[in-house]
Amino acid sequence: MTSSPGDRRARREAQRAEARRGTARRAPASRWLLPGLIAAAVVVAAILAIVLPGIGTPPGGASSSVPPSASGAPGGSGSGAAAEAPTITGTPLATFEGADGDPAVGQPAPEVIGKDFTGKPVTIAADGRPKVVVFLAHWCPHCQQEVPVIQAWVTAGGVPTGVDLVSVATGIDPSAPNYPPEAWLAREGWTVPVIVDPTNSVAAAYGLSAYPFWVFIGPDGNVRARTTGGLATADLEALIRGLTGG
C-alpha cells in the first residue's frame with residue numbers, strides 16, 4: 001500500500017503532537033524532583049552536623065582542637081556538683097594567637113575561685129607559688145591523648161615541690177563525645193585538681209583559643225607563657241624551670 005506526500009505529512013504532524021502531549025504530562029514530575037532532592041540533602045547535612053562535632057586545627061598547625069566557642073558562651077549545662085560558674089577577678093587576658101609577642105606575658109593572671117566535680121573548692125590565686133594551668137575539653141582528641149601522659153608524669157613525681165598544677169574542665173557539651181568530663185577523667189585516674197568551667201568563663205578570662213591550652217604563672221601571679229597543643233614532658237619541665245628559676 002502506498003501513501004501520498006500529503007498522507008506522510010499528516011502522520012508526521014500527528015506524531016509531533018503526541019510527543020508534545022507526552023512531554024507536558026511528564027513535566028510536573030520533574031518540577032517536584034528538584035525540591036525533593038534539596039530537602040533530602042538538608043536532612044543529610046543535619047544528621048552529619050549532629051554526628052560529626054566541629055573539631056579542627058588552629059592556625060600554625062598546632063596539634064590542638066579549636067573550641068566550639070572561645071568567647072565565654074555557655075558550652076553546655078555543666079556537670080557534677082559544680083554547675084555554678086566560678087568567681088573570676090582581675091582583667092581578662094587577650095585571646096592567645098601565638099607565643100611570639102604574646103601580650104598576656106607579664107600581665108596578672110585572673111584569679112579564680114571554683115569547685116571540682118564533688119563541690120570541693122579549687123582556686124587559682126597569686127599566693128607566691130608558681131602555677132601551671134591546663135585547660136581540657138572532654139570531646140577534644142588531643143586532650144584525650146594528653147591526659148594519660150600528664151597523669152603518668154604526675155604519678156612519677158614529675159611536679160616539682162612548690163609548684164601547683166591545676167586543670168580546668170571547660171568546653172563542656174552534653175551532645176559531644178566522651179561526655180561527661182568527670183567520668184572521662186575518672187577513667188584516666190586523673191589526680192590533678194580540677195576547676196569545672198560550665199559556662200567557659202574561665203577559658204574566656206585566660207584567652208583560650210584551642211585545646212589543650214596551657215598557662216604558666218610565676219610566683220608573682222603574672223603570666224610567664226601560654227601555649228596550645230600537647231606538650232612532651234621534657235618541654236613541660238623546661239617551661240616549669242622558667243617559673244622557678246631552676
Side-chain angles (χ1 to χ4, degrees), residues 57-67 70 93 95-102 104-110 112 114 116 122-171 178 181 184-195 197 202-203 205-246:
T57 302
S63 178
S64 54
S65 298
V66 178
L93 303 175
T95 300
F96 180 72
E97 296 181 355
D100 293 338
D102 184 0
V105 173
Q107 299 299 310
V112 180
D116 66 11
V122 181
T123 63
I124 302 171
D127 54 9
R129 292 173 61 89
K131 291 176 173 51
V132 179
V133 185
V134 58
F135 291 77
L136 304 166
H138 60 90
W139 48 263
C140 163
H142 307 291
C143 298
Q144 294 164 18
Q145 295 169 5
E146 188 78 342
V147 160
V149 174
I150 300 170
Q151 184 58 56
W153 176 73
V154 171
T155 302
V159 182
T161 302
V163 175
D164 296 331
L165 175 61
V166 181
S167 58
V168 180
T170 188
N178 211 34
W184 161 49
L185 294 173
R187 287 194 302 271
E188 297 292 348
W190 189 247
T191 60
V192 179
V194 181
I195 293 176
D197 187 22
V202 182
Y206 274 75
L208 180 149
S209 59
Y211 299 108
F213 180 57
W214 298 84
V215 182
F216 297 84
I217 304 170
D220 56 2
N222 293 340
V223 175
R224 295 287 182 86
R226 296 189 298 177
T227 189
T228 59
L231 285 177
T233 53
D235 295 330
L236 177 56
E237 289 169 351
L239 286 163
I240 291 175
R241 284 195 296 272
L243 300 179
T244 62

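All values reported here derive from a predicted model rather than from experimental measurement. Start at 1 with the first residue, then count along the sequence.
Between the W214 side chain and the G229 main chain, a donor and an acceptor come within less than 3.5 Å of each other. Checked by atom type and distance alone, the side chain of D164 never pairs as donor or acceptor with a backbone atom of R129 at under 3.5 Å. For the pair R224 (side chain) and G242 (backbone), a donor-acceptor distance under 3.5 Å is present. When atom types are taken as modelled, the side chain of Q107 and the backbone of N222 share no donor-acceptor pair closer than 3.5 angstrom. Using a distance-only test at 3.5 Å, with no hydrogens or angles considered, a donor-acceptor pair links the side chain of S209 to the main chain of F96. Of the possible donor and acceptor atoms, one in the side chain of W139 sits under 3.5 Å from a partner among the backbone N and O of G171.
Interatomic distance, CG of L185 versus OG1 of T191, reported as 10.5 Å (0.5 Å rounding). T227 contributes atom OG1, which lies 9.0 Å from atom CG of D235 (distance to the nearest 0.5 angstrom). To the nearest 0.5 Å, the span separating CD1 on I150 from CD on E188 amounts to 10.5 Å. The NZ atom of K131 sits 11.5 Å away from the CG atom of L165 when rounded to the nearest 0.5 Å.
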- [ ] Would you check, one step at a time, whether the test side chain to side chain contact (heavy atoms under 4.5 Å, CB included) holds for V112 with V168?
- [x] CA-CA 11 Å; V112 180; V168 180; over 6 Å; no
Task: side chain to side chain contact (heavy atoms under 4.5 Å, CB included) assessment of V132 paired with I240 - done: CA-CA 8 Å; V132 179; I240 291 175; 3.8 Å; yes
Open item on the list: With side chain to side chain contact (heavy atoms under 4.5 Å, CB included) as the criterion, how do V105 and F216 come out once you've worked through the C-alpha distance, each side chain's angles and the decisive distance to 0.1 Å?
Closed with: CA-CA 9 Å; V105 173; F216 297 84; over 6 Å; no
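Here the closest non-hydrogen pair linking R226 and G207 is NH1-CA, 3.8 Å. Heavy atoms only, all atoms of each residue included: L93 and P108 are closest at CD2-O, 3.7 Å. The minimum heavy-atom distance between P130 and L243, with the atom names listed, is CB-CB, 4.0 Å. Across all their heavy atoms, A205 and P110 have their closest contact at O-CG, 3.6 Å.
Looking at V147 and R187, their side chains never come closer than 4.5 Å, going by heavy atoms from C-beta outward. Proximity of V133 to I217: side-chain heavy atoms (C-beta onward) are separated by under 4.5 Å at one or more points. Under the 4.5 Å side-chain criterion, counting only non-hydrogen atoms from C-beta, I124 is not in contact with V215. Within the 4.5 Å cutoff, no side-chain heavy atoms of P193 are placed close to those of D116. For the pair Y211/H142, no side-chain contact is recorded, criterion being any heavy-atom separation below 4.5 Å from C-beta on.
By the ring-ring contact (aromatic ring centres under 6.0 Å, His included) test, Y206 is found to be paired with F135, residues two or more places apart in sequence or in another chain being considered. Taking S167 as the reference, V134, L136, W190, V192, V194 meet the side chain to side chain contact (heavy atoms under 4.5 Å, CB included) condition, with sequence neighbours excluded.
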Would you list the atom pairs, donor with acceptor, under 3.5 Å between side chains in residues 152-162 and any protein atom, with sequence neighbours excluded?
from	atom 1	to	atom 2	distance (Å)
W153	NE1	E237	OE2	2.9
T155	OG1	Q151	O	2.8
T155	OG1	Q151	NE2	3.1

